[in-house]
Amino acid sequence: MLADKHILLIIGGGIAAFKALDLIRRLRERGAKVTPVLTRAGSEFVTPLSVSALAGEKLYQDLFDLTSEAEMGHIELSRAADLIVVAPATADLLAKMTAGLANDLASTLLLATDKRVLVAPSMNVHMWQHAATQRNLAQLANDGILFVGPGEGDMACGEYGPGRLAEPLEIVAAIDAALADGPLKGRHVLVTSGPTHEPIDPVRYIANRSSGAQGTAIARAVAALGADVTFVTGPADVPPPMGVRVVKVQTAAEMFKAVQDAPAADAAIFAAAVADWHVANAGESKIKKDGTGLPTLEFAENPDILATVSKMTSGRPKLVIGFAAETDNVIANATAKRKRKGCDWIVANDVSPSTGIMGGSENDVTLIMDNGSEDWPRMSKEAVATKLAAKLAEALA
Ligand code: CTP
């Protein structure tokens with residue numbers, strides 16, 4: 001899978017740097033060429049000699065190394081690879097990337113590159129959870145940086161939680177996805193997924209039963225065909241796929257903004273179960289039982305994201321696909337919904353509780369297009385995703 005692929009691996013400082021050695025070994029086993037770059041902090045944890053011996057390639061460490069610079073300038077180095085991987089990426093390195101600093105070889109390569117960058121963060125739980133790091137992560141995701149991990153577990157510092165470097169095989173899978181060469185290579189696909197949460201007050205919200213499983217499977221399937229994917233997800237039960245740009249939102253209004261802010265897409269798939277209404281008189285503080293009677297919630301309509309994108313007069317994706325979650329007259333309602341919203345295709349499914357589809361692992365759909373419809377037999381949500389991704393690739397070809 002990785003034969004003839006060239007990966008520039010930046011190894012940051014951190015106790016997990018030793019895992020980068022295993023990563024190099026696994027990448028080489030799969031035929032990849034790995035050019036290692038070791039930061040000064042990284043060299044406190046693994047030796048330059050072990051890194052370059054395992055990589056079988058010259059190791060780069062210093063921006064101002066005249067010999068390296070004469071052989072291959074840092075700009076050329078940043079562009080020679082198919083993919084740049086940062087593992088482990090420290091909080092410091094993420095902050096530098098966010099700010100666009102270029103004060104050492106690693107940060108300069110990251111700023112100068114025109115290639116995709118995959119980052120595997122690793123740090124202490126509190127550093128990971130710090131508002132500054134979370135802000136940086138959101139900005140980097142928005143900039144198109146891909147992420148893998150971190151995992152959750154016991155940490156070298158004796159604490160427990162998120163911040164552990166993803167395992168080498170997980171990083172290899174994310175590299176595979178980032179380099180996937182398929183019919184959707186060079187295409188940008190936007191996918192919405194999951195439910196939305198509409199606050200009643202700071203502690204309560206209105207939600208729906210969507211797990212995000214179908215949207216997640218679709219994002220994974222289109223990424224596997226080589227697409228560059230922006231995945232806008234509400235609070236789902238399943239983790240987002242690897243190797244895609246993830247934008248996490250809570251409300252329909254936030255989802256609408258994330259879709260508007262996303263890079264122009266060739267195709268957009270709206271699998272999210274977006275709340276139709278939000279609470280217009282949501283409390284700014286917790287609504288109390290203060291003896292004055294029951295609260296009355298007033299609703300206001302949410303923007304229809306699918307209809308807005310379908311009716312865009314400029315920059316409309318070539319193919320807009322909606323979902324129709326129905327409990328009665330499924331096909332008739334879905335057909336009318338396709339017309340009303342102006343999307344090209346609509347995937348109709350029966351979400352009556354008896355079908356077990358909402359929150360379940362299978363789906364039973366009818367794909368309604370402008371030139372007819374297809375009834376697909378009941379199958380796993382992954383299989384629906386694979387079939388839909390293949391049809392999309394065909395339509396965009
Ligand atoms: N959708 C959207 N924005 C909304 C509501 C729905 O983008 N505010 C999208 C969904 O992601 C889905 C499609 O519109 O692709 C249909 O969603 P569905 O819930 O079936 O339809 P509604 O528009 O909510 O209509 P109704 O509640 O009348 O069935």
Side-chain angles (χ1 to χ4, degrees), residues 189-199 205-219 221-222 229-236 238 240 247-262 265 267-280 299-312 316-317 319-353 355 357-359 363-370 373 381 384-385 388-389 391-392:
V189 179
L190 173 77
V191 180
T192 70
S193 180
T196 61
H197 285 182
E198 306 297 331
Y205 57 81
I206 295 175
N208 61 63
R209 293 186 195 282
S210 167
S211 63
Q214 185 63 82
T216 302
I218 290 170
V222 287
V229 178
T230 299
F231 182 65
V232 180
T233 177
V238 294
V247 187
K248 291 187 177 169
V249 299
Q250 297 281 327
T251 64
E254 288 170 9
M255 186 172 275
F256 187 46
K257 179 162 187 324
V259 166
Q260 285 178 317
D261 290 347
I269 306 169
F270 293 86
V274 187
D276 292 312
W277 309 280
H278 66 271
V279 180
F299 289 95
E301 204 159 316
N302 280 328
D304 192 317
I305 311 169
L306 170 63
T308 307
V309 171
S310 298
K311 292 173 186 169
M312 277 165 66
R316 182 192 190 274
L319 189 65
V320 179
I321 307 174
F323 270 71
E326 307 291 343
T327 53
D328 308 285
N329 304 322
V330 178
I331 302 303
N333 280 339
T335 305
K337 202 171 266 181
R338 185 177 88 83
K339 281 230 159 63
R340 196 169 66 242
K341 302 212 181 207
C343 55
D344 303 298
W345 299 353
I346 204 155
V347 182
N349 55 2
D350 186 343
V351 291
S352 309
T355 64
I357 285 173
M358 212 158 191
N363 211 346
D364 189 349
V365 309
T366 301
L367 177 64
I368 304 172
M369 299 163 290
D370 40 1
S373 67
K381 288 184 175 174
V384 168
L388 189 65
K391 277 210 87 74
L392 181 146

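Indexing begins at 1, ligand by ligand and atom by atom, following the structure's order.
- By the 4.0 Å heavy-atom criterion, P303 is counted among the residues contacting ligand 1.
- Looking at atom 13 (C) of ligand 1, its nearest protein heavy atom turns out to be F323 O, 2.9 Å.
- The residue among A272, A307, S193 with a heavy atom at the shortest distance from atom 10 (C) of ligand 1 is A272.
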Evaluation steps, side-chain contact (heavy atoms from CB on, under 4.5 Å), between R316 and D344: CA-CA 11 Å; R316 182 192 190 274; D344 303 298; 3.1 Å; yes
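- Distance alone, capped at 3.5 Å, places no donor-acceptor pair between the R338 side chain and the W345 backbone.
- Which of K337, R340, E326, E301 comes nearest to atom 26 (P) of ligand 1 through a heavy atom is settled by distance: it is K337.
- A heavy-atom separation below 4.0 Å is found between K341 and ligand 1.
- The nearest protein atom to atom 24 (O) of ligand 1, hydrogens excluded, is given as D276 OD1, 2.6 Å; this is a heavy-atom distance.
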Audit row: V259, L190, side-chain contact (heavy atoms from CB on, under 4.5 Å) steps and yes/no: CA-CA 8 Å; V259 166; L190 173 77; 3.7 Å; yes
Report the C-alpha distance between F323 and Q214 in whole Å, list the side-chain angles of each, state the deciding distance to 0.1 Å, and finish with yes or no for side-chain contact (heavy atoms from CB on, under 4.5 Å). CA-CA 10 Å; F323 270 71; Q214 185 63 82; 4.1 Å; yes
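- Interface atoms of ligand 1 facing G322, defined by a heavy-atom separation under 4.0 Å, are 15 (O).
- For the residues T196, I321, V274, N208, the heavy atom positioned nearest atom 4 (C) of ligand 1 is part of V274.
- Under 4.0 Å is where a charged nitrogen must lie from a carboxylate oxygen, and between D304 and K311 no such pair does.
- Atom 3 (N) of ligand 1 has as its closest protein heavy atom I305 N, 3.0 Å.
- The nearest protein atom to atom 15 (O) of ligand 1, hydrogens excluded, is given as F270 O, 2.6 Å; this is a heavy-atom distance.
- In this pair, W277 and F299 present their aromatic rings perpendicular. The plane angle is above 60°, beyond the 30 to 60° band.
- Residues V351 and T327 meet the side-chain proximity criterion, which asks for heavy atoms closer than 4.5 Å.
- Within the listing of ligand 1, atoms 20 (O) sit less than 4.0 angstrom from a heavy atom of A324.
- Looking at L306 against ligand 1, both its backbone and its side chain come within 4.0 Å, counting heavy atoms.
- Counting heavy atoms from C-beta on, the side chains of P235 and Q250 come closer than 4.5 Å.
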